[in-house]
**Student:** 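Sharing a structure here in structure tokens format.
In this text the structure is predicted, and so the values were computed from the model without any measurement. Order of the sequence lines fixes the chain letters, A, B, ..., with proteins taken first and strands second; residue numbering starts at 1 for each chain.
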Amino acid sequence: KNEVEQSPQNLTAQEGEFITINCSYSVGISALHWLQQHPGGGIVSLFMLSSGKKKHGRLIATINIQEKHSSLHITASHPRDSAVYICAEETSGSRLTFGEGTQLTVNP
Amino acid sequence: DVKVTQSSRYLVKRTGEKVFLECVQDMDHENMFWYRQDPGLGLRLIYFSYDVKMKEKGDIPEGYSVSREKKERFSLILESASTNQTSMYLCASRSTEAFFGQGTRLTVV
């Protein structure tokens, strides 16, 4: 069983909507990563956070260490945001354990 | 512009062939990783390396080996390819943030 659980697995939104993707993990971590994968395979790191909140453009990531939960929010979503979003927990030794990903489709 | 480069985007190999997947990074990172990605399973760690000539098994090392002779290059080797090794293979390197290659989609027939 994957120790990193993401929800939802699939998400369809209309352009302009506010989007939230959730990630729960089961062990103490040193950091939580959010990644984006576009069709064709390339993966880009969006955030790495160990506490609080980070913002980059229309993307916001939050983490609650006590609850072992993180969220990725996208404000004013756009069709170019369509991708798979993956969270990953970092424990010891730089290893990452990945969630299965959330497929986001934003329709115009 | 930092880069992790994988030698091939697509490969088709025959069962029993020895297959080499090459990964090169230009960021002087010590940590490099090989993953495979399959539908419904996410990314799973095959092997990783903390330094030149150092390697550690990940979660699914069976049927694979690796080589790290130079800091910038981390090679994944399929000793005798099998159809269940058909997958997307992704290389990554990192110090803090992780950087990924574009992936190699390998088909074993």
Side-chain angles (χ1 to χ4, degrees), chain A residues 1-10 21-27 29-51 54-56 59 61 63 70 72 83-104, chain B residues 1-11 21 23 25 27 29-51 54-61 68 74 86-107:
Chain A
K1 187 177 186 301
N2 201 326
E3 297 169 344
V4 180
E5 299 284 343
Q6 285 186 237
S7 63
Q9 285 189 326
N10 295 282
I21 299 170
N22 296 300
C23 177
S24 296
Y25 53 93
S26 57
V27 299
I29 61 170
S30 54
L32 192 289
H33 297 249
W34 281 101
L35 308 157
Q36 180 192 57
Q37 185 173 29
H38 278 284
I43 295 177
V44 175
S45 177
L46 298 175
F47 296 103
M48 182 178 112
L49 66 165
S50 54
S51 65
K54 285 190 176 180
K55 185 175 188 290
H56 185 259
L59 273 61
I63 188 167
S70 177
L72 176 69
V84 176
Y85 292 84
I86 304 169
C87 73
E89 65 176 13
E90 177 178 351
T91 51
S92 61
S94 295
R95 291 182 60 158
L96 300 180
T97 301
F98 297 84
E100 290 181 22
T102 295
Q103 173 69 63
L104 171 65
Chain B
D1 194 21
V2 296
K3 271 190 179 172
V4 178
T5 304
Q6 293 183 228
S7 52
S8 304
R9 290 297 303 275
Y10 300 94
L11 274 180
L21 303 182
C23 176
Q25 51 99 0
M27 295 162 281
H29 287 163
E30 292 181 344
N31 300 322
M32 296 188 74
F33 305 82
W34 273 106
Y35 301 94
R36 64 178 283 177
Q37 185 178 31
D38 301 287
L41 296 176
L43 282 95
R44 293 179 292 165
L45 180 63
I46 304 171
Y47 267 97
F48 60 105
S49 170
Y50 288 137
D51 204 348
M54 281 193 57
K55 58 186 178 184
E56 296 276 346
K57 291 180 180 179
D59 299 318
I60 50 166
R68 184 116 182 253
F74 191 35
T86 292
S87 186
M88 169 71 91
Y89 290 87
L90 287 146
C91 172
S93 75
R94 64 178 299 234
S95 56
T96 51
E97 183 181 355
F99 294 88
F100 285 81
Q102 284 296 304
T104 297
R105 189 165 292 282
L106 172 68
T107 302

**Student:** Which atoms form the tightest heavy-atom contact between B/K57 and A/R95, and what is the distance?
**Tutor:** O-NH1, 4.0 Å
**Student:** Which answer fits B/Q6, side chain, backbone, both or neither, if we ask what part of it has an atom under 4.5 Å from a heavy atom of chain A?
**Tutor:**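 No part of B/Q6 comes within 4.5 Å of chain A.
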**Student:** Apply the side-chain contact (heavy atoms from CB on, under 4.5 Å) test between B/L43 and each candidate in A/T97, A/L96, A/I43; give the one that qualifies.
**Tutor:**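 Exactly one candidate clears the test, A/I43.
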**Student:** Heavy-atom distances under 4.5 Å only: say whether A/Q9 touches chain B with side chain, backbone, both or neither.
**Tutor:** neither
**Student:** Write down the atom of B/A98, the atom of A/S45, and the distance for their closest heavy-atom approach.
**Tutor:**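 So the two residues come closest at O-CB, 3.4 Å.
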**Student:** Taking all heavy atoms of B/T96 and all of A/M48, pick out the closest pair and write down the distance.
**Tutor:** O-SD, 3.6 Å
**Student:** Are B/Q37 and A/Q37 close enough, and set up right, to give a side chain to side chain contact (heavy atoms under 4.5 Å, CB included), and what steps lead you there?
**Tutor:** CA-CA 12 Å; B/Q37 185 178 31; A/Q37 185 173 29; 2.8 Å; yes
**Student:** Of all heavy-atom pairs between B/L41 and A/E100, which one has the smallest distance, and what is that distance?
**Tutor:**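 Smallest interatomic distance, heavy atoms only, reads C-CG, 4.3 Å.
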**Student:** Identify which part of B/R44 has an atom lying under 4.5 Å from any heavy atom of chain A, answering side chain, backbone, both or neither.
**Tutor:** neither
